[in-house]
Amino acid sequence: MSRLIATWFYSGYLKPAPGTWGSLAALPFAYVLHLLGGPWLLLLATLAIFALGYWATGRETAGKADHDPSEIVVDEVVGQWLALWPVSYGAVFAGADVLRLWPGILAAFLFFRLFDIWKPGPVGWADRKGGPMGVMLDDVFAGIAAGGVVIVLAALAHLVLLA
């Protein structure tokens, strides 16, 4: 069970770039969660998957030299969902179909991947912590940063549309 969770239904074994595949695999789950309960269910699920991911990562890396093997992508799921949260909230707030906000979904995906790969500031700090918490936290910070960019881009887009 821990391997299923840690690799997010084995998407972490896809090559190349398993982190990108894990982020892509997170998208349909986020969509279903949004449809079932909006941004609040997405947020609750993110917290639950963070806890499960922490546990699964600990189990899968116990006694191994590599604390963050590439096939573990549950951390990308958590980060990707955090990056998508403003889009989910915006869709409910506007009474819009979330898929109509596809530029926000695309931005959330691209900026999350950018911050997860680049590892600026707190993302890199968390990554260097090691252990299951470091594995999970760097993607939390990358997801929060990407979500912040999504909010700024949405605000700019609405300013342009209103002008």
Side-chain angles (χ1 to χ4, degrees), residues 5 7-9 11-12 14-54 57 68 70-129 133-163:
I5 294 167
T7 63
W8 198 250
F9 303 96
S11 65
L14 296 172
K15 304 287 181 200
T20 300
W21 287 109
S23 295
L24 282 170
L27 297 177
F29 288 89
Y31 177 67
V32 170
L33 289 165
H34 171 83
L35 291 180
L36 293 175
W40 304 114
L41 182 59
L42 181 58
L43 185 59
L44 286 173
T46 302
L47 295 172
I49 295 302
F50 178 89
L52 282 171
Y54 177 84
T57 299
D68 192 3
S70 62
E71 69 270 11
I72 294 181
V73 295
V74 67
D75 50 327
E76 272 80 9
V77 173
V78 170
Q80 187 63 73
W81 287 358
L82 286 169
L84 289 167
W85 195 85
V87 179
S88 178
Y89 182 82
V92 169
F93 181 78
D97 176 2
V98 72
L99 293 179
R100 291 193 50 127
L101 279 65
W102 66 266
I105 295 169
L106 181 62
F109 177 78
L110 292 175
F111 280 99
F112 171 67
R113 293 307 305 141
L114 173 69
F115 293 136
D116 187 30
I117 294 165
W118 178 28
K119 301 200 183 308
V123 181
W125 169 82
D127 186 59
R128 290 186 296 275
K129 284 184 68 65
M133 187 58 75
V135 171
M136 297 302 293
L137 268 186
D138 77 310
D139 291 274
V140 166
F141 291 141
I144 291 169
V149 171
V150 167
I151 291 168
V152 169
L153 290 175
L156 290 173
H158 288 285
L159 286 173
V160 168
L161 291 174
L162 293 174

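This one's a predicted model, so the numbers in the text were calculated from it and none came from an experiment. All values below come from the heavy atoms of this structure, side chains included, with hydrogens, waters and symmetry mates left out.
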A.B. asks: Quick check: do Phe29 and Val32 have side-chain heavy atoms less than 4.5 Å from each other?
C.D. replies: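 Not touching, per the 4.5 Å side-chain cut-off.
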A.B. asks: Side-chain contact test, heavy atoms from C-beta onward, threshold under 4.5 Å: evaluate it for Phe109 versus Thr20 and give yes or no.
C.D. replies: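 They are in contact (side-chain heavy atoms under 4.5 Å apart), so the answer is yes.
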A.B. asks: Determine, step by step, whether Val74 and Leu52 satisfy the side chain to side chain contact (heavy atoms under 4.5 Å, CB included) criterion, reporting the C-alpha distance in whole Å, the side-chain angles of both residues, the deciding distance to 0.1 Å, and the verdict.
C.D. replies: CA-CA 9 Å; Val74 67; Leu52 282 171; over 6 Å; no
A.B. asks: Evaluate Leu27 against Tyr31 for side chain to side chain contact (heavy atoms under 4.5 Å, CB included), listing each step before the verdict.
C.D. replies: CA-CA 6 Å; Leu27 297 177; Tyr31 177 67; over 6 Å; no
A.B. asks: With sequence neighbours excluded, tell me which residues meet side-chain hydrogen bond (donor to acceptor under 3.5 Å, both in side chains) with Asp138.
C.D. replies: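 Testing Asp138 for side-chain hydrogen bond (donor to acceptor under 3.5 Å, both in side chains), a comparison that skips the adjacent residues, returns Lys119.
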A.B. asks: Checking Trp21 side chain against Pro16 main chain: does a donor-acceptor pair fall under 3.5 Å?
C.D. replies: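 Pair found, side chain donor or acceptor close to backbone of Pro16.
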A.B. asks: Please state whether the rings of Phe115 and Phe111 are parallel, tilted or perpendicular, taking 30° and 60° as the class boundaries.
C.D. replies: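 If you compare the ring of Phe115 with that of Phe111, the planes turn out tilted.
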A.B. asks: Which atom pair, heavy atoms only, marks the closest approach of Ala142 to Asp116?
C.D. replies: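 Looking at all heavy atoms of both residues, the closest pair is CB-N, 3.8 Å.
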A.B. asks: Locate the shortest heavy-atom distance separating Phe50 from Met133; write the atom from each residue and the value.
C.D. replies: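 What the structure gives for the nearest pair is CZ-SD, 3.8 Å.
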A.B. asks: List the residues meeting side-chain hydrogen bond (donor to acceptor under 3.5 Å, both in side chains) with Ser11, not counting sequence neighbours, and say none if there are none.
C.D. replies: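 Scan of Ser11 (side-chain hydrogen bond (donor to acceptor under 3.5 Å, both in side chains), adjacent residues dropped) gives none.
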A.B. asks: Closest heavy-atom contact between Leu33 and Leu42?
C.D. replies: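 The pair with the smallest heavy-atom distance is CD1-CD1, 4.0 Å.
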A.B. asks: Specify the closest pair of heavy atoms between Gly22 and Glu76, including all atoms of both residues, with the distance to one decimal.
C.D. replies: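 Answer, listing the atom of Gly22 first, then Glu76: C-CB, 4.4 Å.
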A.B. asks: Which heavy-atom pair separates Lys129 from Gly134 by the least distance, and what is that distance?
C.D. replies: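 Scanning both residues, the minimum pair turns out to be CB-CA, 4.1 Å.
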A.B. asks: Taking all non-hydrogen atoms of both residues into account, name the closest pair between Asp75 and Asp139 and its distance.
C.D. replies: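 Taking every non-hydrogen atom into account, OD2-OD2, 2.6 Å.
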A.B. asks: Is the Trp8 ring parallel, tilted or perpendicular to the Trp81 ring (thresholds 30°, 60°)?
C.D. replies: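 Rings of Trp8 and Trp81: perpendicular, over 60°.
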A.B. asks: Could you please spell out the steps behind the side chain to side chain contact (heavy atoms under 4.5 Å, CB included) verdict for Asp68 and Asp127?
C.D. replies: CA-CA 9 Å; Asp68 192 3; Asp127 186 59; 3.8 Å; yes
A.B. asks: Show me the side-chain donor-acceptor pairs of residues 85-100 shorter than 3.5 Å, one per line, residues at least two apart or across chains.
C.D. replies:
{"residue": "Trp85", "atom": "NE1", "partner": "Pro39", "partner atom": "O", "Å": "2.7"}
{"residue": "Ser88", "atom": "OG", "partner": "His34", "partner atom": "ND1", "Å": "2.6"}
{"residue": "Asp97", "atom": "OD1", "partner": "Leu99", "partner atom": "N", "Å": "3.1"}

